[in-house]
Amino acid sequence: MSPNPQSAERPLRRALVFGGGGVLGGTWAVGALSAWEQATGLQAKDVDIMVGTSAGSVLASLVACGVSTDELITHYRDEHVQTGPLAGYEWDPDRATGGHRPGIPKLRGPGSPALIRSSLRQLGQLPATTVLSAFLPEGGRSLDRVGHLIDAVTPFGEWSNHGNLWVVAMDYADGHRVVFGRPGAPVAPLASAVMASCAIPGWFAPVDIDGRSYVDGGAVSATSVDVVAHSGLDEVYVIAPMISFDMDSPTGIQARLERRWRSQVTKVCRDEMALVRAAGARVYALGPGREDLEAIGANLMDSSRRRLVLDTSLRTSTNAWKAEFAEQLAG
């Protein structure tokens, strides 16, 4: 059951935040979501706000458009889904993401000279990942197939039936975070917003929405937990593939570099969660543990490991959630 039973006076307001993490991170998150539903007795589709960044925007959108957790597990195992919005949909993750390595970039200089100029005007104010993304060449791969997946489950081709599905991307001209779906944000079809949220600089081409270019929201924050800080929430649950509170110690250089980066992402996420807690909400977060990290490896885009990662997450996440609830309730 939920760690905080519903108040007799009013229902608790809850949010689910799905962080980015590439193909394997999104796959791990499916197992973590399934375990969350089992541990809390809640259903993801019933939360008041759903936030997705990068790969997390795909998962959040599928849930918000009515795809059940069981259907997600089938889909992420690359098996045929027989029920729900994904029934009969053919999906090839390698074709959708262009493989486990970036394609040949468009070698025409930095991807965003405008963002370089903006970062010079805001010295020290933008995250290092935001500034770095400006200098990377424009990615050569397309996210059209990801957009097609979202279109296939989206009612009327516009947005989801969920009242508060928020998709995080970054404006590639000024480095500001844009939360599509939130009141006051630019209006966009859901498929376009998700493609923008997933457009890793240097890997995928930026996505144009009404004359402005957008890229992966992870260039600002891999989790963006803080976007819900002032939303009047009681509970916020974070499923973040790029954070880890219990890391392994790999020997390979690539994996060690990945873990170092993961430590930085975890620190940023902790700071974001502190902002949400300061606004009055309880925050619970889960990231991959040691066994999950071993299954994921060093390349988050290696789709050949999807089944291993999903099966591992389904096994490890239930106990991980129980431990998280116990730790947070103990203060």
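Clustering ILVMFWY residues whenever any of their side-chain heavy atoms sit less than 4.5 angstrom apart, transitively, puts Ile73 in the very cluster that holds Trp91. Val227 and Leu275 fall into different hydrophobic clusters, where Ile, Leu, Val, Met, Phe, Trp and Tyr are joined by side-chain heavy atoms under 4.5 Å apart, directly or via other members. Under the 4.5 Å side-chain contact rule for hydrophobic residues, Leu293 and Trp28 do not share a cluster. Taken together through direct or relayed side-chain contacts under 4.5 Å among Ile, Leu, Val, Met, Phe, Trp and Tyr, Phe18 and Val268 form parts of separate hydrophobic clusters. Under the 4.5 Å side-chain contact rule for hydrophobic residues, Trp261 and Leu300 share a cluster.
For the atom pair Ser57 OG and Met50 CE, the distance stands at 12.5 Å (nearest 0.5 Å). Rounded to the nearest 0.5 angstrom, Asp171 CG and Leu115 CG are separated by 8.5 Å. For the atom pair NZ of Lys45 and NE2 of His162, the computed distance is 9.5 Å after rounding to the nearest 0.5 Å. Interatomic distance, Phe180 CZ to Leu165 CG, rounded to the nearest 0.5 Å: 12.0 Å. A distance of 4.0 Å separates CD1 in Ile243 from SG in Cys269, rounded to the nearest 0.5 Å. Rounding to the nearest 0.5 Å places CG of Leu310 at 7.0 Å from OG1 of Thr27.
Within the 4.5 Å cutoff, the side chain of Glu79 has heavy atoms near those of the Arg307 side chain. The shortest distance between side-chain heavy atoms of Ser224 and Val17 does not fall below 4.5 Å. Within the 4.5 Å cutoff, side-chain heavy atoms of Ser133 are placed close to those of Tyr172. Using a 4.5 Å heavy-atom threshold, the side chains of Asp210 and Pro186 count as separate. Thr74 has its side chain out of reach of Glu71: every pair of non-hydrogen atoms, C-beta onward, lies at least 4.5 Å apart. Taking the side chain as every heavy atom from C-beta outward, Pro288 and Arg262 approach each other to under 4.5 Å. Looking only at side-chain heavy atoms (C-beta outward), Lys267 and Asp271 come within less than 4.5 Å of each other. Side-chain atoms of Pro201 and Asp216, non-hydrogen and from C-beta on, do get closer than 4.5 Å to each other.
Thr266 places a side-chain N or O within 3.5 Å of a backbone atom of Ser244 that can act as its donor or acceptor partner. Although no hydrogens or angles enter the test, the distance criterion places no donor-acceptor pair under 3.5 Å between the side chain of Asp48 and the main chain of Ala15. A donor-acceptor pair under 3.5 Å is absent between the side-chain atoms of Ser317 and the main chain of Leu314, judged by distance alone. Remark: side-chain polar atoms of Glu324 are paired, donor with acceptor, to backbone N or O of Ala285 under 3.5 angstrom. The backbone N or O of Ala32 sits less than 3.5 Å from a side-chain atom of Ser313, completing a donor-acceptor pair. A distance-only check finds no donor-acceptor pair linking the side chain of Arg121 to the backbone of Ile116 [under 3.5 Å]. No donor-acceptor pair under 3.5 Å is formed between the side chain of Arg177 and the backbone N or O of Ala169. Looking only at distances, a side-chain donor or acceptor of Arg305 sits under 3.5 Å from a matching main-chain atom of Ala295. In this structure a side-chain-to-backbone donor-acceptor pair under 3.5 Å is missing from Thr130 to Gly175. A side-chain donor-acceptor contact under 3.5 Å links Asp292 to the backbone of Gly289.
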Given side chain to side chain donor-acceptor pair (under 3.5 Å), test Asp174 with Ser118 step by step and report yes or no. CA-CA 6 Å; Asp174 59 22; Ser118 180; 6.0 Å; no
Residue pair Arg277, Gln328: steps toward the side chain to side chain donor-acceptor pair (under 3.5 Å) verdict: CA-CA 12 Å; Arg277 289 191 176 107; Gln328 295 300 326; 3.2 Å; yes
Working for side chain to side chain donor-acceptor pair (under 3.5 Å), residues Ser304 and Asp302: CA-CA 6 Å; Ser304 69; Asp302 184 0; 2.6 Å; yes
Side chain to side chain contact (heavy atoms under 4.5 Å, CB included) between Met242 and Glu258: does it pass, once the steps are laid out? CA-CA 10 Å; Met242 283 304 300; Glu258 194 274 348; 4.0 Å; yes
List the steps and the verdict of side chain to side chain contact (heavy atoms under 4.5 Å, CB included) for Phe245 and Leu286. CA-CA 8 Å; Phe245 304 116; Leu286 194 69; over 6 Å; no
Pair Thr223-Thr53, side chain to side chain contact (heavy atoms under 4.5 Å, CB included): steps then yes or no: CA-CA 6 Å; Thr223 50; Thr53 302; over 6 Å; no
Side chain to side chain contact (heavy atoms under 4.5 Å, CB included) between Leu33 and Leu16: does it pass, once the steps are laid out? CA-CA 9 Å; Leu33 175 63; Leu16 264 172; 4.1 Å; yes
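With a 6.0 Å radius and a threshold of 12 heavy atoms from other residues, nucleotides or ligands, Asp46 has its CG atom above the threshold. Residue Ile253 places its CD1 atom among 12 or fewer non-hydrogen atoms of other residues, nucleotides or ligands, all under 6.0 Å distant. Residue Glu37 qualifies as enclosed at atom CD: its count of foreign heavy atoms under 6.0 Å is above 12. Under a cut-off of 6.0 angstrom, the local environment of CZ in Arg256 is sparse, with at most 12 non-hydrogen atoms contributed by other residues, nucleotides or ligands.
Here the closest heavy-atom approach between residue Ala199 and residue Phe204 is recorded as CA-CB, 3.9 Å. Across all their heavy atoms, Gly20 and Ser54 have their closest contact at CA-CB, 3.8 Å. The minimum heavy-atom distance linking Pro241 with Gly19 is given by the pair CD-O, 3.5 Å. Annotation for Gly297 and Arg259: closest pair O-NH1, 3.7 Å, computed over non-hydrogen atoms. The heavy-atom pair separating Glu272 from Ser221 by the smallest distance is OE2-OG, 2.6 Å. The two residues Ile150 and Val194 make their nearest non-hydrogen contact at CG1-CG1, 4.0 Å.
Salt-bridge formation is not detected for the pair Asp234/Arg14: no Lys NZ or Arg NE/NH1/NH2 atom is positioned less than 4.0 Å from an Asp or Glu carboxylate oxygen.
Ring centers of His148 and Tyr89: under 6.0 Å apart, within the cut-off. Ring pair Tyr284/Tyr237: centre-to-centre distance below 6.0 Å.
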